[in-house]
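Computed from heavy atoms alone, side chains included, the values below leave out hydrogens, waters and symmetry copies.
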Amino acid sequence: MIQNNAKINDTLSKEIRKANETRGMWYYQLVKAAGRYGLDEEAYARSAIRKLGNLYRKNYPDTDSISQFMGAFMNDQTIKQFHAELVSMTDEEAIVHFHYCPMCGAWTKLTEDEKEIGLICDCAMDVDRGVFDLYDHIGFKLERAIGMGDGVCELHFVKK
């Protein structure tokens, strides 16, 4: 069962959450529309979402340093919208836990099918994979995800 409860509820966090819920609904509708048009839902959505990640790359520093990247990534907005926690960081790797996902919050309002939510969640993570397609020396891996029934989203950032 998916457990996903917002605990930070100041006005700014609620507004950021609403924007990310909307983004989650876009991802959901993109995957579902592909199926209605006879396209491979997963392949079609993943390609489009990953390209969006390529565009998002410009929002992050041009660096090979895990700590410099994390300095930009772990900003107030990320911390508040995902209840993000930097679990550990070395020169070679950083691990971040998201304790809440506003996109998953939107998906649970659209469907009760946890397998479908897991697919949409993994497709949505292609935004992050798309960002890291364009980093030569920093990689990204999703180890656990709220949308797949885990207690947190666990993001690993590693030196390539």
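At most 12 non-hydrogen atoms from other residues, nucleotides or ligands lie less than 6.0 angstrom from CG of D91. When the shell of 6.0 Å around NZ of K159 is examined, it contains more than 12 heavy atoms from other residues, nucleotides or ligands. The number of heavy-atom neighbours closer than 6.0 Å to CG of D113, taken from other residues, nucleotides and ligands shown, is above 12.
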Trace of the salt bridge (charged side-chain N to carboxylate O under 4.0 Å, His left out) decision for R17 with D10: CA-CA 11 Å; R17 186 176 308 130; D10 60 88; over 6 Å; no

K109/M25 under side chain to side chain contact (heavy atoms under 4.5 Å, CB included): CA gap, chis, key distance, verdict: CA-CA 10 Å; K109 293 173 189 171; M25 285 188 239; over 6 Å; no

Full working for side chain to side chain contact (heavy atoms under 4.5 Å, CB included) between I95 and L155: CA-CA 6 Å; I95 299 173; L155 291 70; over 6 Å; no

Chi angles and distances behind the salt bridge (charged side-chain N to carboxylate O under 4.0 Å, His left out) call for K18, E21: CA-CA 5 Å; K18 191 183 327 177; E21 286 175 354; over 6 Å; no

Verdict with supporting geometry, Q77 and I16, side chain to side chain contact (heavy atoms under 4.5 Å, CB included): CA-CA 8 Å; Q77 183 178 1; I16 293 169; 3.6 Å; yes

Worked verdict on Y100 versus V152 for side chain to side chain contact (heavy atoms under 4.5 Å, CB included): CA-CA 7 Å; Y100 175 76; V152 298; over 6 Å; no

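The shortest side-chain heavy-atom distance between E116 and K32 falls under the 4.5 Å cut-off. With a 4.5 Å cut-off on side-chain heavy atoms, E92 and I66 do not count as touching. Taking the side chain as every heavy atom from C-beta outward, L142 and D128 never approach each other to under 4.5 Å. Residues T108 and I117 have side chains in contact (heavy-atom distance under 4.5 Å, counting atoms from C-beta outward). Two residues are said to be in side-chain contact when any heavy atoms from C-beta on lie closer than 4.5 Å; R50 and V127 fail this criterion. You'll find the side chain of R57 reaches within 4.5 Å of the side chain of D62, heavy atoms only. For the pair Y27 and I49, the minimum side-chain heavy-atom distance is below 4.5 Å. At least one side-chain heavy atom of M89 sits less than 4.5 Å from a side-chain heavy atom of S67.
Side chain of N20 to main chain of R23: no donor-acceptor pair is present (N/O by atom type, distance under 3.5 Å, no hydrogens or angles). Although no hydrogens or angles enter the test, the distance criterion places no donor-acceptor pair under 3.5 Å between the side chain of W107 and the main chain of I120. Judged by distance alone, with hydrogens and angles left aside, the side-chain atoms of D126 form no donor-acceptor pair with the main-chain N or O of R129 at under 3.5 Å.
Residues V31 and W26 do not share a hydrophobic cluster, defined by chaining ILVMFWY side chains whose heavy atoms lie under 4.5 Å apart. Cluster membership check: F82 shares its hydrophobic cluster with L86, using side-chain heavy-atom separations under 4.5 Å among Ile, Leu, Val, Met, Phe, Trp and Tyr. Linking ILVMFWY side-chain heavy atoms closer than 4.5 Å, directly or via other members, places Y56 and I138 in a single hydrophobic cluster. Taking hydrophobic clusters as Ile, Leu, Val, Met, Phe, Trp and Tyr residues chained together by side-chain heavy-atom distances below 4.5 Å, F140 does not share a cluster with M148. Both M125 and M74 belong to a common hydrophobic cluster when Ile, Leu, Val, Met, Phe, Trp and Tyr are linked at side-chain heavy-atom distances under 4.5 angstrom.
Between R46 and D122, at least one side-chain nitrogen of the basic residue sits less than 4.0 Å from a carboxylate oxygen of the acidic one, meeting the salt-bridge criterion. No salt bridge links D64 with K160; every basic N to acidic carboxylate O contact stays at or beyond 4.0 Å. With salt bridges taken as basic N to acidic carboxylate O contacts below 4.0 Å, none links R144 and D150.
Residues G53 and V131 approach most closely at O-CG2, 3.2 Å, considering heavy atoms. Taking each heavy atom of V96 and A84 in turn, the nearest pair found is CG1-CB, 4.4 Å. Taking each heavy atom of F98 and I146 in turn, the nearest pair found is O-CD1, 3.6 Å. In terms of heavy-atom proximity, C104 sits nearest to I2 at SG-CG2, 3.7 Å.
Between F73 and F157, the distance from one ring center to the other falls under 6.0 angstrom.
The distance from the CD atom of E93 to the NZ atom of K141 is 10.5 Å, given to the nearest 0.5 Å. Distance check, rounded to the nearest 0.5 Å: OG of S47 to CG of D40 gives 11.0 Å.
Screening Y135, F69, F132 against Y60 for a ring pair (Phe, Tyr, Trp, His ring centres under 6.0 Å) leaves a single residue, F69.
Between the side chains of E85 and H83, no donor N or O sits under 3.5 Å from an acceptor N or O.
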